[in-house]
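In what follows, a single structure is set out as structure tokens and then discussed.
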Amino acid sequence: MPFHEMFEPDGSIRPCYAEVQKWVERTGISGLNRRLDEAEAIFRRIGITFAVYGEGGDPERLIPFDLLPRIFTAQEWRVLDKGIRQRARALNAFLHDVYHRGEIVKAGIMPADIIYQNSAYLAEMADFSPPGKVYSHIVGIDIVRTGPGSFEVLEDNCRTPSGVSYMLENRDIMTRMFPELFAQGIVAPVDDYPAELLKSLKEVAPPACKGDPVVVVLTPGSLNSAYYEHSFLADLMGVELVEPADLFVDEGRVWMKTTLGPKVVDVIYRRIDDEYLDPLVFRPDSLLGVPGIFNVYRNGGVTLASAPGAGIADDKAVYIYVPEMIRFYLGEAPILDNIQTWQCGKPDECAYVLENLHDLVAKEVHGSGGYGMLIGPKSSKDEVEAYAARIRADPGKFIAQPTLDLSTVPTLGPASVVGRHADFRPYCLVGKQLRLVPGGLTRVALTEGSLVVNSSQGGGVKDTWVMQD
């Protein structure tokens, strides 16, 4: 049986969930479901939707919200906090290294082809150091729990980890609907995230910046699946939300068009993929880019957050080596473990994977969003065979992991509280210092027995509480 985070081994309620249990008993399941309907009506009214493309019909939908919080004790959070910060430091050190001397390759710790033949590696970034040597300014680390004290990292997100708007909106809804649960001050706040994000972005202003840095959020536009989050964060930081057409390059700087005339921009929190960023350097057919912006960036006239080329650290083949990165760059033992992972690019490991695929989870190394993966135990024989054929055709594009006994968290069902599998994404901010609000996004698989928590695959979200001492 998987570890249920609400219960002790003897079946009693864990102390951190005691107040929630009292609240459930006091309100009743039908009362909680009525409040859930109210919460979803609020979400729809304020427009918290995400887009799913290629499915026909109305692509806009709500991510299902679950009313019962996921709780970490103060002691559990201390371990997570240290492990997350450590990983963010190592990933940024790795990115600086691979775009400069490549010491980790020279030391024989990582093979060169995983890095330099990777489509996410940008040769245009070679020998360039962004301000503060920060490449990934927001590091989202996906963590799963497999036991009372067992936390493991599922993957790293160093480009533009999404979902932080849900972390903030989930907390806002819970505070509004159940003020009595927060009145005791036992839940650590997360609402200073936008202010902390703005501080981090200002700390990496480019050499050309004089005075208080001007920060903007760059969005591809309202048709992007995460547009709500782009506008939400710009609003909370008190900065402009801009589209590429609002920006232009002149005299070695990036300028923003305003009603009062052009205004120089120092830091761009960009939510546009590398390849679409500058049609003069990357894709010439891109209508989303700002011509000349990359040259201004390389010459110290603007900061792009995150740095182009940071996506190499997201790759699932690179993920395997993060514990070694921590030892190599920081001289420390990893605080958070990786999940055991087999590289199909290695013949002996590939043979093992193909022989045991029905028991494993297989993923594309560049995949995201729950797409392109196979959960062996939940798949038919034909599906396993078809996926095996894909691996044989191009082994280096795949990794495999054991099917984990993920912990379950209390989730509101129609007639009772049920256990559902979940993961956790905290957001570590990197500027001159590292910042981490006590919380993150808990994604939950709402289907019984399912291990897929991604919103694009039918998962939901819930508020995450870190209890204060």
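Nothing fancy with the numbering, it's 1 onward along the sequence.
- Taking the six-membered ring for Trp and the full ring otherwise, F328 and Y321 have centroids separated by 6.0 Å or more.
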Are N224 and R271 close enough, and set up right, to give a side-chain contact (heavy atoms from CB on, under 4.5 Å), and what steps lead you there? CA-CA 10 Å; N224 185 267; R271 300 295 293 258; 6.0 Å; no

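- Contact between D156 and A313 at its shortest, heavy atoms only, is CB-O, 4.1 Å.
- Looking at D315, its side chain does come within 3.5 Å of a backbone N or O of A317 through a donor-acceptor pair.
- Under the 4.5 Å side-chain criterion, counting only non-hydrogen atoms from C-beta, F182 is in contact with R171.
- Between I42 atom CD1 and E38 atom CD the span is 7.0 Å, to the nearest 0.5 Å.
- Counting only heavy atoms from C-beta outward, the side chains of P69 and K462 never approach each other to under 4.5 Å.
- Counting only heavy atoms from C-beta outward, the side chains of V318 and I114 approach each other to under 4.5 Å.
- For the atom pair R35 CZ and L67 CG, the distance stands at 8.0 Å (nearest 0.5 Å).
- No donor-acceptor pair under 3.5 Å is formed between the side chain of R87 and the backbone N or O of I141.
- To the nearest 0.5 Å, the span separating CG on D423 from CD1 on I143 amounts to 9.0 Å.
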For the pair H137 and S306, evaluate side-chain contact (heavy atoms from CB on, under 4.5 Å) and give the outcome as yes or no after the intermediate values. CA-CA 6 Å; H137 303 79; S306 287; 3.8 Å; yes

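- A donor-acceptor pair is defined here as one N or O able to donate and one able to accept, closer than 3.5 Å; such a pair exists between the side chain of N356 and the backbone of Y352.
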Could you go through R390 and D394, starting from their C-alpha distance and side-chain angles, then the distance that decides it, and tell me whether this counts as salt bridge (charged side-chain N to carboxylate O under 4.0 Å, His left out)? CA-CA 7 Å; R390 291 182 62 204; D394 197 345; over 6 Å; no

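- Residues R270 and P308 meet the side-chain proximity criterion, which asks for heavy atoms closer than 4.5 Å.
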Please tabulate, one pair per line, all N/O donor-acceptor pairs under 3.5 Å involving side-chain atoms of residues 90-97, not counting sequence neighbours.
residue : atom : partner : partner atom : Å
N92     : OD1  : Y135    : N            : 2.8
N92     : OD1  : S136    : N            : 2.8
N92     : ND2  : A88     : O            : 3.2
N92     : ND2  : S136    : O            : 3.2
H96     : NE2  : S129    : OG           : 3.1
D97     : OD1  : G102    : N            : 3.1
D97     : OD1  : E103    : N            : 2.7
D97     : OD2  : E103    : N            : 3.2
D97     : OD2  : I104    : N            : 3.0
D97     : OD2  : Y329    : OH           : 2.6

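- Summarising the geometry of V384 relative to S379, their closest heavy-atom pair is CG2-CB, 4.0 Å, with the distance given to 0.1 Å.
- By the 6.0 Å contact criterion, CD on E448 is open, its count of non-hydrogen atoms from other residues, nucleotides or ligands being 12 or less.
- Using a cutoff of 4.0 Å between basic side-chain nitrogens and carboxylate oxygens, E155 and K316 are scored as salt-bridged.
- Of all non-hydrogen atoms in A74 and M467, the two that sit nearest each other are CB-O, 3.2 Å.
- Applying the ring-ring contact (aromatic ring centres under 6.0 Å, His included) definition to pairs two or more places apart or across chains, those involving residues 421-443 are F72-F424.
- In this structure, I339 and Y319 have side chains that are in contact, with non-hydrogen atoms separated by less than 4.5 Å.
- Shown here for R70 and T442, the closest heavy-atom pair between the two residues is NH1-OG1, 3.3 Å.
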Just do the salt bridge (charged side-chain N to carboxylate O under 4.0 Å, His left out) check on K22 and E25 with the steps written out, would you? CA-CA 5 Å; K22 289 178 194 171; E25 291 170 352; over 6 Å; no

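- With rounding to the nearest 0.5 angstrom, the CG atom of L68 is 9.0 Å from the CG atom of L36.
- Shown here for Q343 and E349, the closest heavy-atom pair between the two residues is N-OE1, 2.7 Å.
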Output, in order, the C-alpha distance, side-chain angles, deciding distance and verdict of side chain to side chain donor-acceptor pair (under 3.5 Å) for S380 and D382. CA-CA 5 Å; S380 68; D382 287 347; 5.4 Å; no

Check against side chain to side chain donor-acceptor pair (under 3.5 Å), Q86 and R89: CA-CA 5 Å; Q86 180 190 60; R89 284 163 52 219; over 6 Å; no

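- In this structure, the side chain of R14 engages the main chain of E5 through a donor-acceptor pair within 3.5 Å.
- The backbone N or O of Y227 sits less than 3.5 Å from a side-chain atom of S231, completing a donor-acceptor pair.
- Put simply, the side chain of E196 never gets that close to the backbone of L436: no donor and acceptor are under 3.5 Å apart.
- Looking at heavy atoms from C-beta onward, W342 lies in side-chain contact with P402 at the 4.5 angstrom threshold.
- Within the 4.5 Å cutoff, side-chain heavy atoms of F43 are placed close to those of N170.
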Checking side-chain contact (heavy atoms from CB on, under 4.5 Å) for the pair L181/V187: CA distance, chi angles, key distance, verdict? CA-CA 9 Å; L181 292 175; V187 181; over 6 Å; no

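- Side-chain atoms of T411 and R420 include no donor-acceptor pair closer than 3.5 Å.
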Do D192 and R435 pass the salt bridge (charged side-chain N to carboxylate O under 4.0 Å, His left out) test, and can you show the C-alpha distance, the side-chain angles, and the key distance before you say yes or no? CA-CA 11 Å; D192 58 347; R435 297 177 173 91; over 6 Å; no

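- Closest heavy-atom contact between V98 and Y121: O-OH, 3.5 Å.
- With K378 contributing its side chain and G449 its backbone, the two residues share a donor-acceptor pair below 3.5 Å.
- Salt-bridge annotation for R443 and D142: present, with a side-chain N of the basic residue lying under 4.0 Å from a carboxylate O of the acidic one.
- Q468 contributes a side-chain N or O that, together with a main-chain N or O of G185, makes up a donor-acceptor pair within less than 3.5 Å.
- The main-chain N or O of A307 is never found under 3.5 Å from a side-chain atom of D274 such that the two would form a donor-acceptor pair.
- The CG atom of L32 sits 5.5 Å away from the CG atom of L412 when rounded to the nearest 0.5 Å.
- Residues M174 and F65 have side chains in contact (heavy-atom distance under 4.5 Å, counting atoms from C-beta outward).
- For the pair E229 (side chain) and G163 (backbone), a donor-acceptor distance under 3.5 Å is present.
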For V215 and K202: C-alpha separation, side-chain torsions, deciding distance, then whether side-chain contact (heavy atoms from CB on, under 4.5 Å) applies. CA-CA 7 Å; V215 177; K202 286 187 172 187; 3.9 Å; yes

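- Between Q21 atom CD and C16 atom SG the span is 12.0 Å, to the nearest 0.5 Å.
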